[in-house]
Each structure stands twice: as C-alpha cells, then as structure tokens.
> 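Submitted below is the structure of interest, expressed as structure tokens.
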Amino acid sequence: MSILQSLRNPESILRCQGVASAICSDALILPSSALGGVRRQFFTSSASQDHAAHSTTVLCVRKDGDVVMVADGQVTFGGSILKPNVRKTRKIGDKVIGGFAGATADAFTLFERLETKLEEHPGQLMRSAVELAKMWRMDKYLRRLDASLIVADKELSLQITGNGDVLEPHDGVLSIGSGSPYALAAARALMDIPDLDATEIAKRAMSIAADSCIYTNSNFTAMKIGGGDDNVKSIEL
C-alpha cells in the first residue's frame, strides 16, 4: 500500500491521531492499535517518582565487631530542599538498627511490620526480614509502599526491597539512595586501612557522598552496635 493510499484509510488516520495526541503528554504511551496490539510506554526527561523518592544516602559499615549506620538529613522535592535535618536511622526493637530511603510514612510502616516479626522470632533478623519481604511483595496494600530499607544487628546486615529481595553484603558494606554508589565505593576503598574503625570509615565515605551527590548533605545521623556490648546507641560523627 502506498503512502497516499494509507492516508486515505480511515483506520490509518485514527492511528496517526492517537500517536500525535500521545506525543503531547508527559509520558508517551503509544496506543496498542498502532503497535499491532503491543503496548509500549516511554518517559520524557522529567524526573521520575522513583528518583525523587530515593534522593538520599544511607550507609551501613561492619568492621571488627562494630556496626555503624549513617544517613544524611536532606529531604528534596524536585529541585528544592524541604528540610536539611531529617533523621533517617532508627532503633528497631532492642538490638536492631535500620535506615531507609524513600517515602517516610511507607518506611515507618515497614519498620513497624519488621518489629512485629522480630517479636514473633526473637533474635532471628534474617527470618524476620524474609517474612517482611514476602509480605511486602505479596500483600496488595504493602506492595504499593515505596521505600528501601537497610537493617542490621550484631551479626547481620541486610537490605530489603519491595521486589522480594533480602540482600546480605559479602564485605560488610551496604548503601541505598541516590548517593549510594559514591558512599559504597568510598567505604569499600577504606575498609582495608588498618587504623580506621567502622565509625571513621562511615564518616569519611558519607562525606565523599555528600560532596558528590546533590541530593545528600552533611547533616549526618548515626547509630552503632558494638563497643563491648550489643546495645544500640546514637553517636556523633
């Protein structure tokens, strides 16, 4: 069929109109009729919800029996800083610490569910985290929650995601958020220096992330497990 014949075809004209109207929107969604029944979605250069929600940095470092979790305090909405001193680390139960990236209300809901699981399975962080991941993945309400979590006790450090993943690091370092590539790389580079403990490694790595990521500031809050006991305590960096 020639181009002229195709333009005379009413069905082809409708397809062209559908594609043209879709181009004018923020998200380009091509009608399935124009793609042979296959639906395709493309996004423009505007920031996605995922990017905006996880604009932060949380780092967990484990070395020589000490565990330190550090987070920055910046809350960003689009191109604006809403608040510079939010606390993104918290104590879960008696002997577990956690940090989050994403929506605050969603993260606190998940922390409450994890705390419930820890009460059901005392001292079993891995089992509790797996149970939470299963619930988060399968529950029709929880699956809509937008956050990523890091939790740790004296023995384990774990990352929990809404995809059903429970990840344990091979080198004792975990990080989430937009600045996580910088914090993770810096912490791993510092791990082999004998004179640096977990606290100093976490501080230096987060400082590098704050200098590199525009969504991360230097208002750090930190929690620690170790130092001769298993109690959770807040520390100053």
> What distance separates Thr199 OG1 from Ile235 CD1, expressed to the nearest 0.5 Å?
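Reported value, rounded in 0.5 Å steps: 4.0 Å.
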
> What pair of heavy atoms forms the shortest contact from Val58 to Gly99, and how long is it?
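For Val58 versus Gly99, the nearest heavy atoms are CG1-CA, 4.1 Å.
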
> In Å and rounded to the nearest 0.5 Å, what is the CD1 to CD distance from Ile214 to Gln74?
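Rounded to the nearest 0.5 Å, the CD1-CD separation comes to 8.5 Å.
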
> Is the backbone of Ala103 close enough, under 3.5 Å, to the side chain of Asp146 for a donor and an acceptor to pair up by distance?
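Not confirmed, Asp146 side chain does not pair with Ala103 backbone.
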
> More than 12 heavy atoms of other residues, nucleotides or ligands under 6.0 Å from OH of Tyr182: yes or no?
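Result for OH/Tyr182: open.
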
> Please check if the number of heavy atoms outside Lys117 that lie under 6.0 Å from its NZ is greater than 12.
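Yes.
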
> If you define the side chain from C-beta out and look only at heavy atoms, does anything of Asp171 sit under 4.5 Å from Met191?
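No - every pair of side-chain heavy atoms lies 4.5 Å or more apart.
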
> Between the side chains of Thr76 and Ser55, is a donor N or O closer than 3.5 angstrom to an acceptor N or O?
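No donor-acceptor contact under 3.5 Å links the two side chains.
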
> In the single-linkage hydrophobic clustering (I, L, V, M, F, W, Y; side-chain heavy atoms under 4.5 Å), do Ile201 and Val68 co-cluster?
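Yes, Ile201 connects to Val68 through the hydrophobic network.
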
> Starting at CG of Leu132, measure out to OG1 of Thr116 and round the result to the nearest 0.5 Å.
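One gets 10.0 Å once the value is rounded to the nearest 0.5 Å.
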
> Evaluate Ser157 against Ile150 for side-chain contact (heavy atoms from CB on, under 4.5 Å), listing each step before the verdict.
CA-CA 7 Å; Ser157 300; Ile150 292 179; 5.7 Å; no

> How far apart are the C-alpha atoms of Val151 and Ile160, what are their side-chain angles, what is the distance that settles it, and do they pass the side-chain contact (heavy atoms from CB on, under 4.5 Å) test?
CA-CA 8 Å; Val151 294; Ile160 311 172; 4.0 Å; yes

> Please give me the minimum heavy-atom distance between Asn217 and Pro84, naming the atom from each residue.
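Closest approach of Asn217 to Pro84, heavy atoms only: ND2-O, 2.9 Å.
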
> For residues Met126 and Leu158, determine if any side-chain heavy atom of one lies less than 4.5 Å from a side-chain heavy atom of the other.
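Counting from C-beta outward, Met126 and Leu158 do come under 4.5 Å.
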
> With side chains defined as the heavy atoms from C-beta onward, is the minimum distance between Phe100 and Thr56 less than 4.5 Å?
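Not in contact.
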
> When you look at CZ of Arg113, are more than 12 heavy atoms from neighbouring residues, nucleotides or ligands closer to it than 6.0 Å?
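For Arg113, atom CZ is not crowded (no more than 12 foreign heavy atoms under 6.0 Å).
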
> Do Lys88 and Thr221 make a side-chain contact, defined as non-hydrogen atoms from C-beta onward lying under 4.5 Å apart?
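No, their side chains stay 4.5 Å or more apart.
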
> Side chains of Leu118 and Leu125: does their closest heavy-atom pair fall under 4.5 Å?
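Yes. Closest side-chain heavy atoms under 4.5 Å.
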
> Applying the side chain to side chain contact (heavy atoms under 4.5 Å, CB included) criterion to Gln159, which one of Asp165, Val166, Leu174 satisfies it?
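When side chain to side chain contact (heavy atoms under 4.5 Å, CB included) is applied between Gln159 and each of Asp165, Val166, Leu174, only Leu174 qualifies.
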
> For residues Leu142 and Trp136, report the shortest heavy-atom separation together with the two atoms involved.
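Leu142 and Trp136 have their closest heavy atoms at O-CD1, 3.1 Å.
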
> Enter the distance from Leu149:CG to Phe111:CZ here, rounded to the nearest 0.5 Å.
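If we round to the nearest 0.5 Å, Leu149:CG and Phe111:CZ are 4.5 Å apart.
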
> Please examine the side chains of Glu131 and Glu120, heavy atoms only from C-beta on, and report whether any two atoms are closer than 4.5 Å.
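They are not in side-chain contact.
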
> May I ask you to check whether over 12 heavy atoms, not counting those of Lys95, lie within 6.0 Å of atom NZ?
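Check fails, neighbour count at 12 or below.
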
> A quick test of your reading: do over 12 heavy atoms of other residues, nucleotides or ligands sit less than 6.0 Å from NZ of Lys154?
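Result for NZ/Lys154: open.
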
> Report the distance from atom CZ of Arg90 to atom CD1 of Ile97, rounding to the nearest 0.5 Å.
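Separation between the atoms: 12.5 Å.
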
> Which pair of heavy atoms, one from Cys60 and one from Val67, lies closest together, and at what distance?
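Answer, listing the atom of Cys60 first, then Val67: SG-CG1, 3.8 Å.
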
> To check you understand the geometry: which heavy-atom pair defines the closest contact between Ser178 and Tyr215, and what is its length?
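Scanning both residues, the minimum pair turns out to be OG-CB, 3.6 Å.
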
> What's the verdict on side-chain contact (heavy atoms from CB on, under 4.5 Å) for Lys203 and Val70, showing C-alpha distance, side-chain angles and the deciding distance?
CA-CA 8 Å; Lys203 179 181 178 180; Val70 188; over 6 Å; no

> Following the transitive rule for hydrophobic clusters with a side-chain heavy-atom cut-off under 4.5 Å over Ile, Leu, Val, Met, Phe, Trp and Tyr, establish whether Met206 and Val75 coincide in one cluster.
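Met206 and Val75: separate clusters.
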
> Side-chain contact test, heavy atoms from C-beta onward, threshold under 4.5 Å: evaluate it for Leu114 versus Ser128 and give yes or no.
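Answer yes - side chains close enough.
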
> Quick check on the hydrophobic clustering: are Val61 and Leu190 connected, directly or via other members, by side-chain heavy-atom contacts under 4.5 Å?
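Per the 4.5 Å side-chain linkage, Val61 and Leu190 are co-clustered.
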
> Can you get from Leu167 to Val96 by hopping between Ile, Leu, Val, Met, Phe, Trp and Tyr side chains that sit under 4.5 Å apart?
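Cluster IDs for Leu167 and Val96 differ.
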
> Is Arg204 close to Leu196 at the side-chain level, that is, under 4.5 Å between some pair of heavy atoms?
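Side-chain contact under 4.5 Å: yes.
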
> Compare every heavy atom of Gly226 with every heavy atom of Lys233, then report the nearest pair and how far apart it is.
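Smallest interatomic distance, heavy atoms only, reads NZ-O, 2.7 Å.
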
> State yes or no: do Leu145 and Val130 share one hydrophobic cluster built from I, L, V, M, F, W and Y residues joined by side-chain heavy-atom distances below 4.5 Å, directly or via other members?
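Yes; tracing contacts between hydrophobic side chains, which count when under 4.5 Å, links both residues.
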
> Counting only heavy atoms not in Lys134, do more than 12 fall under 6.0 Å of its NZ?
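Incorrect, the count does not exceed 12.
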
> Are Arg137 and Asn163 close enough, and set up right, to give a side-chain contact (heavy atoms from CB on, under 4.5 Å), and what steps lead you there?
CA-CA 6 Å; Arg137 175 72 170 172; Asn163 294 325; 4.2 Å; yes

> Using a cut-off of 6.0 Å, state whether more than 12 heavy atoms not belonging to Glu119 lie near its atom CD.
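Check passes, neighbour count above 12.
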
> Return the NZ to CG distance between Lys224 and Asp66, rounded to the nearest 0.5 Å.
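Reported value, rounded in 0.5 Å steps: 4.5 Å.
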
